[in-house]
Amino acid sequence: MTLRVILSRLRLTPLIHDGHHLRRSLSAAAAKLPDELPPGAPAPTSDSRLFVAGLSWSVDERSLTDAFSSFGTVTEVRIMYDKNSGRSRGFGFVHFSNDNEAKCAKDAMDGKVMLGRPLRISFALGRVRGASVIVPRLSTVK
DNA sequence: GTTGAGCGTT
C-alpha cells in the first residue's frame with residue numbers, strides 16, 4: 001500500500017495536495033488563537049524552576065535541597081560544578097512540582113544569606129524540554 | 001585553603 005493510498009483513505013489528500021487549502025487552514029487556526037501576549041508585554045514570570053546564584057562554594061545539593069524543601073516538593077536540585085577543580089560554580093537550579101511553590105520559595109529565600117552569602121534567586125531561563133521558556137509567539141505571517 | 005557575575009555535563 002502506497003503512502004498516497006493511505007493518505008487518500010485518511011482523507012488528508014486535499015491538505016497535502018492543495019497548498020492553498022493547507023495555508024488557509026493554518027492561518028485560520030492561527031487567527032483563532034488568543035493573542036494574550038502582545039509584543040512588549042513582560043514574559044511569563046510563572047515557572048517552577050528557580051535559578052539560584054550567590055551560593056557559597058561549600059553548599060552542596062543536599063543542603064540546598066534542605067533549604068528549599070520546606071516550600072514545596074523539590075523535584076530536582078542541580079549545582080554546577082567546575083569540571084576540573086570540582087568546586088561549585090556558585091549557582092544552581094531548584095525545580096519544584098509547580099509554579100506556586102517556586103514563587104513562594106523565591107519570595108522567601110531571595111536575599112537570605114546561606115553560609116555567609118546572600119542568595120540571588122530568579123526564575124530560570126534557558127532550555128528545558130517540555131517547559132515553555134520561550135514565549136510561543138506565533139509570528140504573524142503576512 | 002585564592003576568585004564572586006552568572007542561566008544547567010542529563
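Scope of the values below: all heavy atoms of this structure, side chains included, with no hydrogens, waters or symmetry mates. In the text below, chain A, chain B and the rest are named by the order of the sequence lines, each starting its count at 1.
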Linked, directly or transitively: A:M114 and A:V52 (ILVMFWY side chains, under 4.5 Å):
yes
Rounded to whole angstrom units, what separation is found between the [atom1] atom of [X] and the [atom2] atom of [N]?
X      : N     : atom1 : atom2 : result
A:F51  : B:dG8 : CZ    : C1'   : 9 Å
A:M80  : B:dG6 : CE    : P     : 17 Å
A:L64  : B:dG8 : CG    : P     : 17 Å
A:I79  : B:dG4 : CD1   : P     : 20 Å
A:L119 : B:dA5 : CG    : P     : 14 Å
A:F93  : B:dT9 : CZ    : C1'   : 13 Å
A:I121 : B:dG6 : CD1   : C1'   : 14 Å
A:R120 : B:dC7 : CZ    : C1'   : 11 Å

Regarding A:L55, tell me which of base, sugar-phosphate or nothing describes its non-hydrogen contacts under 4.0 Å with the strands shown.
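The residue A:L55 makes base contact.
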Assess the residue pair A:F71 and A:L50 against the criterion (side-chain contact (heavy atoms from CB on, under 4.5 Å)); give the C-alpha distance rounded to whole Å, side-chain angles, the decisive distance to 0.1 Å, and a yes or no.
CA-CA 12 Å; A:F71 303 99; A:L50 293 181; over 6 Å; no
Does the separation of the ring centres of A:F51 and A:F93 fall below 6.0 angstrom?
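Yes - the distance between ring centres of A:F51 and A:F93 falls below the 6.0 Å cut-off.
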Flag as yes if A:F91 stacks onto the base of B:dG6 (centroids under 5.5 Å, planes under 30°), otherwise no.
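No; centroid distance or tilt outside limits.
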Gap between atom OH of A:Y81 and atom CG of A:D60 - 0.5 Å precision:
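Atom-to-atom, A:D60:CG and A:Y81:OH are 5.5 Å apart.
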Using a distance-only criterion (donor-acceptor N/O pair, under 3.5 Å, no hydrogens), is the base of B:dG4 paired with the side chain of A:R117?
yes
Specify the residue among A:A53 and A:K83 whose closest nucleotide of DNA chain B lies further upstream toward the 5′ end.
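In this pair, the answer is A:A53.
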Whichever of A:R78 and A:S85 has its nearest DNA chain B nucleotide further upstream toward 5'
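It is A:S85 whose nearest nucleotide is closer to the 5' end.
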Counting N and O atoms only, with roles assigned by atom type, does the side chain of A:S69 sit under 3.5 Å from a partner on the main chain of A:T65, one being a donor and the other an acceptor?
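Yes: the side chain of A:S69 pairs with the backbone of A:T65.
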Nearest to side-chain heavy atoms of A:R89, which nucleotide of B:dG8, B:dG4, B:dT9:
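It is B:dT9.
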